[in-house]
Amino acid sequence: MSIILDALKKAQQERKQTTTKTTYTFKNPGQKPRWVVYGILIVVVASVVGYLYVKVIVKPEPPKAKPVTIEAKKIEAKVESIEKKAESAKTLIKTEMAKPKEEIKVAVQKTEVVKKEVVEKKIIAKRVKQKTPAPRKEPAPEGQRQDAGLKAGKVDERKLDLIYNEALKETQMGRLNEAKRLYLSILAERPDHIEALNNLGVIVTNEGNTKEALFYFKKILEYKRDYAKAYNNIGLIMMSEGDKKLAEEYFRKSIELDAGSVEPYLNLSAHLRGERRLQEASRFLEAILRKGIKNPALYLSYAISKDELNQPTEAVRYYRAYLNEGSGTKEERNKITERLRVLEEGQSTKNR
């Protein structure tokens with residue numbers, strides 16, 4: 001058995017040695033086999049073909065459009081709105097350009113009127129500024145102001161009184177330009193001279209220069225808030241300009257400050273008669289008549305109120321009172337006499 005086993009071991013050892021030592025030998029040493037070269041060429045060709053296929057033949061897919069968002073919709077809506085407004089503007093421009101030449105002419109005329117008014121206002125403001133010096137903000141009381149002025153030698157009150165009386169004479173004689181010059185010379189010395197401001201305002205009102213007159217009357221109220229004549233005169237200007245409500249307020253304020261002055265009563269009564277508030281106009285005049293004030297203009301105004309109220313007895317009485325005062329022009333007296341005759345004949349016929 002040992003001989004057989006030894007033979008088997010020897011055979012196994014020989015097989016192992018044969019397997020380990022057997023290698024492939026090239027016929028030509030140093031020459032690589034052909035299949036290796038061919039394999040490398042195939043790989044290179046395949047790489048080139050693949051690259052060309054991807055770049056040339058296979059086109060990349062276009063990017064997908066993003067979904068429309070809410071913001072995009074808002075922007076589109078705004079663009080549409082702007083386009084509509086642009087169309088509306090174009091239409092409006094075409095409409096304006098298509099207006100007739102007459103309308104354009106009227107617009108130009110209105111512009112010229114406005115320019116003229118502006119120029120006139122500037123001229124008035126310049127004249128007033130040149131004529132009237134700037135007033136003191138807080139004038140001292142009358143007595144203190146006179147004393148201080150005389151002591152300082154700045155204001156000679158006696159001289160101003162003489163100039164004022166001279167201006168009154170010039171006004172009565174109808175020489176209004178000279179009167180204005182004298183009043184302005186007073187204001188150059190005393191910008192807060194109330195009577196000079198008021199009389200100057202009355203003169204320019206009668207000349208039709210209501211804007212300059214308002215300047216003087218309102219200047220009075222800056223110095224003396226309770227000056228009744230200024231309120232009455234402003235009321236007259238408001239009435240002439242058609243502002244009846246404001247005119248009534250100024251007349252009532254004047255009466256409130258000076259209940260004994262006849263003129264604001266007459267003006268307010270005339271205003272009320274113009275609005276056909278006849279009973280109210282009559283009551284205002286009765287209030288001042290009860291104070292025993294005798295005034296021809298008051299008699300005439302009250303007679304007219306009673307005449308319009310169809311109260312001939314009172315109308316006749318006060319028409320006669322007016323004629324007895326001897327006031328008014330000849331033409332005015334003749335008209336009142338004729339009206340008085342008609343009323344008296346009507347009373348006689350009624351009594352029969």
Side-chain angles (χ1 to χ4, degrees), residues 123-238 240 250-251 253-267 293-297 327:
I123 292 172
I124 291 170
K126 187 175 180 181
R127 285 174 56 193
V128 170
K129 187 175 180 181
Q130 290 174 346
K131 291 179 180 179
T132 308
R136 294 188 296 272
K137 292 184 179 179
E138 295 181 358
E142 185 69 20
Q144 295 179 10
R145 186 170 60 243
Q146 291 179 2
D147 294 342
L150 289 171
K151 288 177 182 178
K154 293 181 180 179
V155 178
D156 187 343
E157 294 294 335
R158 294 178 183 177
K159 178 184 175 182
L160 294 184
D161 289 341
L162 291 173
I163 296 173
Y164 180 76
N165 291 332
E166 184 67 23
L168 288 177
K169 290 179 182 178
E170 295 294 335
T171 303
Q172 292 170 357
M173 296 177 71
R175 294 196 287 264
L176 300 182
N177 287 333
E178 182 61 20
K180 285 166 64 176
R181 187 188 67 78
L182 292 170
Y183 286 132
L184 288 170
S185 68
I186 293 172
L187 293 175
E189 297 290 329
R190 276 264 308 275
D192 57 348
H193 196 291
I194 304 300
E195 290 77 13
L197 285 168
N198 185 71
N199 294 351
L200 194 55
V202 171
I203 290 174
V204 295
T205 299
N206 293 332
E207 291 176 344
N209 195 344
T210 56
K211 294 186 185 299
E212 189 174 350
L214 274 176
F215 170 83
Y216 292 125
F217 295 138
K218 289 183 177 180
K219 185 63 66 177
I220 291 172
L221 298 180
E222 291 180 13
Y223 297 114
K224 190 175 177 62
R225 294 294 300 173
D226 59 348
Y227 192 71
K229 289 182 181 179
Y231 288 100
N232 178 68
N233 291 331
I234 293 174
L236 287 171
I237 292 175
M238 294 297 104
S240 69
Y250 275 102
F251 291 144
K253 183 65 176 179
S254 180
I255 291 170
E256 178 188 333
L257 294 171
D258 186 5
S261 178
V262 175
E263 190 174 353
Y265 281 96
L266 297 175
N267 293 333
I293 295 175
K294 295 181 179 181
N295 185 291
S327 300

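All values below come from the heavy atoms of this structure, side chains included, with hydrogens, waters and symmetry mates left out.
Using a distance-only test at 3.5 Å, with no hydrogens or angles considered, no donor-acceptor pair links the side chain of Tyr265 to the main chain of Gly260. Using a distance-only test at 3.5 Å, with no hydrogens or angles considered, a donor-acceptor pair links the side chain of Asn206 to the main chain of Val202.
Considering CG of Leu160 and CG of Leu187, their distance stands at 9.5 Å, rounded to 0.5 Å. The CG atom of Leu182 sits 11.0 Å away from the CG atom of Asn165 when rounded to the nearest 0.5 Å. Distance CD1/Ile255 to CG/Asn267: 8.5 Å, rounded to 0.5 Å. Taken from CD in Glu170 to CZ in Arg181, the straight-line distance is 8.5 Å, to the nearest 0.5 Å. If you take NZ on Lys211 and CD1 on Ile237, they are separated by 10.5 Å, rounding to the nearest 0.5 Å.
Side-chain contact check for Thr171 versus Tyr183: some heavy-atom pair is nearer than 4.5 Å. Asn233 is not listed as a side-chain neighbour of Thr205, based on a closest heavy-atom distance of 4.5 Å or more. Using a 4.5 Å heavy-atom cutoff, the side chains of Glu222 and Lys218 are not in contact. Side-chain contact between Tyr164 and His193 is present, with at least one heavy-atom pair separated by less than 4.5 Å. Put simply, the side chain of Phe251 does not reach to within 4.5 Å of the side chain of Leu266, judged on heavy atoms. Side chains of Ile234 and Leu221 form a contact here, defined as non-hydrogen atoms less than 4.5 Å apart.
Summarising the geometry of Ile163 relative to Ser185, their closest heavy-atom pair is CG2-OG, 3.7 Å, with the distance given to 0.1 Å. Between Asn198 and Ala230, the closest heavy-atom pair is OD1-N, 4.4 Å. Nearest approach of Arg225 to Tyr231, heavy atoms of both residues: O-OH, 2.9 Å. In this structure, Ala167 and Ala179 approach most closely via the heavy-atom pair O-CB, 3.7 Å. Between Ser254 and Ala228, the closest heavy-atom pair is OG-O, 3.0 Å. Summarising the geometry of Tyr216 relative to Val204, their closest heavy-atom pair is CD1-CG2, 4.2 Å, with the distance given to 0.1 Å.
One finds no salt bridge joining Glu263 and Lys229 here, because no Lys/Arg side-chain nitrogen approaches an Asp/Glu carboxylate oxygen to under 4.0 Å. Ionic pairing of Asp226 and Lys224 is present here: one or more N-O contacts between side-chain nitrogen and carboxylate oxygen are shorter than 4.0 angstrom.
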